[in-house]
Structure formats: C-alpha cells, structure tokens
Amino acid sequence: MSSKQQFVKLNDGHFIPALGFGTSKPEGAHSEVPKSKCLEAANIAIGVGFRHIDTAYIYKVEEEIGQAVQSKIKAGIVKREDMFITTKLWCTCFRPELVQPSLEKSLKKLQLDYVDLYIIHYPVPMEPGDNDYPVDEQGKLLLDTVDFCATWEALEKCKDAGLVKSIGVSNFNHRQLERLLNKPGLKHKPVCNQVECHLYLNQSKLLDYCKSKDIVLVAYGALGTQRYKKWVDQNSPVLLNDPVLCDVAKKNKRSPALIALRYQIQRGVVPLAQSFKENEMKENLQVFEFQLSPEDMKTLDGLNRNFRYLPAQVLSVHPEYPFSEEY
C-alpha cells in the first residue's frame with residue numbers, strides 16, 4: 001500500500017482512506033461513458049494506488065468495479081482488506097424489508113462478501129419496483145412515504161450481520177441528520193454524510209455541524225463534477241478554470257485539481273476524485289505531498305458561492321428534498 005495514503009478515523013473505529021476514487025455515472029450518462037471505460041478506469045485507479053473506491057447501485061458500474069477489484073486481488077496487487085469499497089442504497093429500496101436484499105444484490109455484482117461502507121443515497125424514498133425512477137402517466141416521479149429512520153434500522157441490521165463494516169448517509173441536510181441522531185434506540189451513528197462539496201459550494205456550516213457530531217463529510221463533485229449533459233447545466237461555471245484557483249495553483253506549482261482536493265483534505269473532508277485518465281489519477285494521489293498556507297486556504301474559502309452543480313431537481317417534489325434548507 002502506498003505510504004502516501006492517509007486515513008481518517010470513523011466514529012465506529014474503522015478507517016477510511018482520506019482520498020477516494022469516484023465512479024458516479026448518473027442515469028442517462030451511459031452513452032457518454034460506456035461500461036468498458038468504467039472498468040478500465042477502475043483498473044487504472046487501483047493500479048496507480050487508489051484504495052478507496054466509491055460506487056452506487058444507481059451508477060450501474062458495480063459489476064465493473066467488482067471485476068477490477070477481483071483482477072487486482074488475483075494478480076496479487078492488493079488484498080481485499082487493503083481496499084475500502086463504498087456502495088449505496090437506492091431510493092426505491094427504502095422499505096426495511098428491501099434493504100438487505102438490495103445490499104446482497106450489490107455484493108453479488110461487486111463479487112464481495114462485505115462492503116466497507118453502505119450509504120443511504122438520498123433521504124428521499126421512491127415507490128419500490130423495477131423502475132429506478134418510477135413515474136406516473138404524466139411523467140411525475142412516484143414517491144414513497146417510508147421514514148428514513150426505519151430504513152436506517154435495516155442498515156444497522158446489515159452491519160450487525162457483517163455484510164457491511166460501516167454505515168452512513170448521503171445528501172442529508174443538518175435537520176435530517178439531527179432527526180436520525182435523535183432517533184429513539186439508535187444503535188449505530190452514521191459515520192459519514194456524503195454531499196456535493198467543492199470550492200463553489202464549500203458546505204462550511206454543514207461541515208461544522210458534522211464535525212460536532214463526529215460524522216465525516218465525504219465530498220462528491222470535489223473537482224466540479226464530470227458535467228454530464230443531462231444533469232449539469234452546461235452554462236454553469238467550470239470550477240477548474242476559476243482564475244483565483246488557477247492563481248493559487250500557479251503559486252504552489254500544482255494543478256488546479258490538486259489544489260481543489262488539497263483544500264478539502266486540510267478541512268478534514270474526504271474528497272472523491274473522478275477521472276478516466278491515468279496521468280490525472282496519478283497526479284491526484286500527490287495531494288498528500290504538499291500543504292496550502294493559511295492565506296491560500298482563506299483565499300479559497302472566498303470562492304464559495306453556494307452553487308450546486310447537482311440540485312437533483314427531480315426530487316424537489318418530496319417533503320424530504322434536502323436542498324431547500326440552508327445546510
């Protein structure tokens with residue numbers, strides 16, 4: 001294992017590698033990124049030294065991640081215990097009786113006996129069934145009323161059964177986290193809250209809240225997302241082209257992407273870096289080789305504009321839509 005790799009301790013005693021490899025591929029982006037490309041990217045990522053891989057049922061790449069991990073294990077490059085694999089429970093499987101079967105399906109695709117982290121993908125339940133985005137005749141999303149606190153109890157059982165080491169949430173606002181933490185009979189606290197977090201949406205209030213509760217904030221979109229056409233407004237600003245970020249990068253003789261990742265690491269955030277290019281992946285792992293000065297951190301703090309690339313507008317009709325809250 002690369003000596004450069006650093007770890008963050010979770011509230012259940014497990015450790016998460018401080019930098020992760022992201023594999024997000026939203027529904028509708030399959031034409032932009034074929035599965036073979038995802039398999040190749042995962043193979044390269046493990047080959048260059050990534051040990052933390054973040055995926056999800058809805059990305060439809062669990063099989064490819066499983067193939068990459070198994071091939072590296074068979075080749076003697078890694079052991080299973082060197083790898084930290086995260087996957088996520090989709091919104092149509094929130095009913096407690098659907099949680100373990102859903103996890104078991106993911107494990108089968110990943111060719112694993114357990115995942116290191118299992119996460120509730122959004123706090124918004126959708127109608128169960130074969131459709132990942134169930135809609136009525138008018139094309140309106142069909143939602144469900146199940147309480148995510150009941151879903152959480154089913155995740156706790158999966159942890160107790162040894163199917164997963166740690167459990168967490170994603171896209172929860174602080175009120176939703178509070179509700180979960182105050183749930184009567186809570187057995188296991190969420191270890192993390194994975195949210196969109198980057199220089200234009202630095203989540204400082206949510207980060208402070210999570211730190212106060214010993215919950216790690218994991219950042220997706222840390223480099224400004226892959227800008228998939230269906231999900232991201234193509235007129236939105238390109239994060240890595242930001243002039244202030246580029247100035248800080250020049251000053252430190254590093255790329256804008258490395259500065260954007262280092263910024264998160266120094267705030268105690270675990271960023272996920274997504275790339276399909278070997279040279280970028282290798283470079284992203286250099287994030288532990290330098291530090292940003294307090295002045296640089298302050299300059300970068302100033303870039304926040306509470307701008308969300310992925311507002312998940314399709315979910316906004318549900319009362320649990322998380323992004324109406326300030327944080």
Side-chain angles (χ1 to χ4, degrees), residues 23-35 38 54-66 85-112 114-115 117-159 161 163-164 167-173 176 179-180 183 190 193-196 220 228-232 310-324:
T23 64
S24 75
K25 200 172 82 158
E27 188 256 348
H30 305 305
S31 55
E32 291 176 66
V33 186
K35 287 194 173 222
C38 297
D54 180 273
T55 191
Y57 160 79
I58 202 64
Y59 303 161
K60 307 291 185 201
V61 294
E62 287 174 319
E63 282 173 12
E64 286 70 28
I65 303 304
I85 311 289
T86 300
T87 193
K88 307 181 190 83
L89 176 75
W90 186 237
C91 306
T92 52
C93 299
F94 273 30
R95 294 189 183 178
E97 68 276 11
L98 299 176
V99 173
Q100 189 171 323
S102 182
L103 172 56
E104 284 169 346
K105 271 184 208 149
S106 285
L107 288 172
K108 196 175 175 196
K109 285 181 189 158
L110 289 161
Q111 300 179 53
L112 298 173
Y114 69 91
V115 281
L117 178 57
Y118 198 45
I119 288 178
I120 294 180
H121 206 140
Y122 276 96
V124 179
M126 296 181 200
E127 192 171 276
D130 297 330
N131 251 334
D132 294 335
Y133 288 90
V135 290
D136 64 14
E137 290 77 43
Q138 281 75 48
K140 200 166 157 269
L141 205 60
L142 292 166
L143 301 161
D144 204 4
T145 52
V146 60
D147 183 352
F148 59 66
C149 286
T151 310
W152 185 255
E153 287 175 13
L155 261 80
E156 291 178 324
K157 287 182 180 140
C158 291
K159 175 176 163 74
L163 297 173
V164 52
I167 49 177
V169 297
S170 180
N171 297 303
F172 274 49
N173 61 40
Q176 291 165 328
R179 207 169 96 222
L180 187 52
K183 184 184 91 62
N193 185 21
Q194 184 182 129
V195 295
E196 179 179 342
Y220 68 79
Y228 291 120
K229 289 185 182 69
K230 186 178 169 180
W231 289 82
V232 175
L310 297 160
Q313 219 56 61
V314 66
L315 304 178
S316 61
V317 288
H318 197 281
E320 289 291 3
Y321 176 68
F323 307 141
S324 314

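When a residue number appears, it is its place in the shown sequence, counting from 1.
V317 and V314 get closest at one heavy-atom pair: CG2-O, 4.0 Å. Taking all atoms of both residues into account, the shortest heavy-atom contact from Y220 to S170 is CE2-OG, 4.4 Å. In terms of heavy-atom proximity, A312 sits nearest to Y122 at CB-OH, 3.8 Å. When all heavy atoms of A56 and T87 are compared, the closest pair comes out as CA-OG1, 3.3 Å.
In this structure Y57 satisfies the side-chain hydrogen bond (donor to acceptor under 3.5 Å, both in side chains) test together with K60, D132, sequence neighbours excluded. Shown here are the ring pair (Phe, Tyr, Trp, His ring centres under 6.0 Å) partners of H121, two or more places apart in sequence or in another chain: Y59, W90. Taking S106 as the reference, E62 meet the side-chain hydrogen bond (donor to acceptor under 3.5 Å, both in side chains) condition, with sequence neighbours excluded. Contacts of Y118 classified as ring pair (Phe, Tyr, Trp, His ring centres under 6.0 Å), with partners at least two apart in sequence or in another chain: none. The side-chain hydrogen bond (donor to acceptor under 3.5 Å, both in side chains) check on K183 picks up E153, with sequence neighbours excluded.
Taking the side chain as every heavy atom from C-beta outward, I120 and F94 approach each other to under 4.5 Å. Counting heavy atoms from C-beta on, the side chains of T151 and C93 never come closer than 4.5 Å. No side-chain heavy atom of L155 sits less than 4.5 Å from a side-chain heavy atom of V164.
Note that CG of L103 is 13.5 Å distant from NZ of K88, once rounded to the nearest 0.5 Å. To the nearest 0.5 Å, the span separating CG on L163 from CG on L112 amounts to 11.5 Å. Expressed to the nearest 0.5 Å, how far CD of E64 lies from CG of L110 amounts to 10.0 Å. Atom CD of E127 sits about 13.5 Å away from atom SG of C91, to the nearest 0.5 Å. In this structure, CG in N173 is found 8.0 Å from OG in S324, a value given to the nearest 0.5 Å. Note that CD1 of I167 is 11.5 Å distant from CG of L89, once rounded to the nearest 0.5 Å.
The one candidate from N171, D54, T86 that meets the side-chain hydrogen bond (donor to acceptor under 3.5 Å, both in side chains) condition with Q194 is D54.
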Item to check | Stepwise side chain to side chain contact (heavy atoms under 4.5 Å, CB included) test for L180 and C149 | outcome: CA-CA 6 Å; L180 187 52; C149 286; 4.3 Å; yes
Next on the checklist: Could you walk me through whether K159 and Y114 satisfy the side chain to side chain contact (heavy atoms under 4.5 Å, CB included) test, starting with their C-alpha distance in whole Å, then the side-chain angles of each, then the deciding distance to 0.1 Å, before giving a yes or no?
Outcome noted: CA-CA 9 Å; K159 175 176 163 74; Y114 69 91; over 6 Å; no
Item to check | Test side chain to side chain contact (heavy atoms under 4.5 Å, CB included) applied to L310 and F323, step by step | outcome: CA-CA 10 Å; L310 297 160; F323 307 141; over 6 Å; no
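No cation-pi contact links R179 to F172, judged by a cut-off of 6.0 Å to the six-membered ring centre and 45° from its axis.
The backbone N or O of V99 sits nowhere less than 3.5 Å from a side-chain atom of S102 that would complete a donor-acceptor pair. For E320 (side chain) and P125 (main-chain N/O), no donor-acceptor pair under 3.5 Å exists by modelled atom type.
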Which donor-acceptor pairs under 3.5 Å do side chains of residues 137-144 form with protein atoms, sequence neighbours excluded?
from: D144; atom 1: OD1; to: R95; atom 2: NH2; distance (Å): 3.1
from: D144; atom 1: OD2; to: R95; atom 2: NE; distance (Å): 2.8
from: D144; atom 1: OD2; to: R95; atom 2: NH2; distance (Å): 3.3

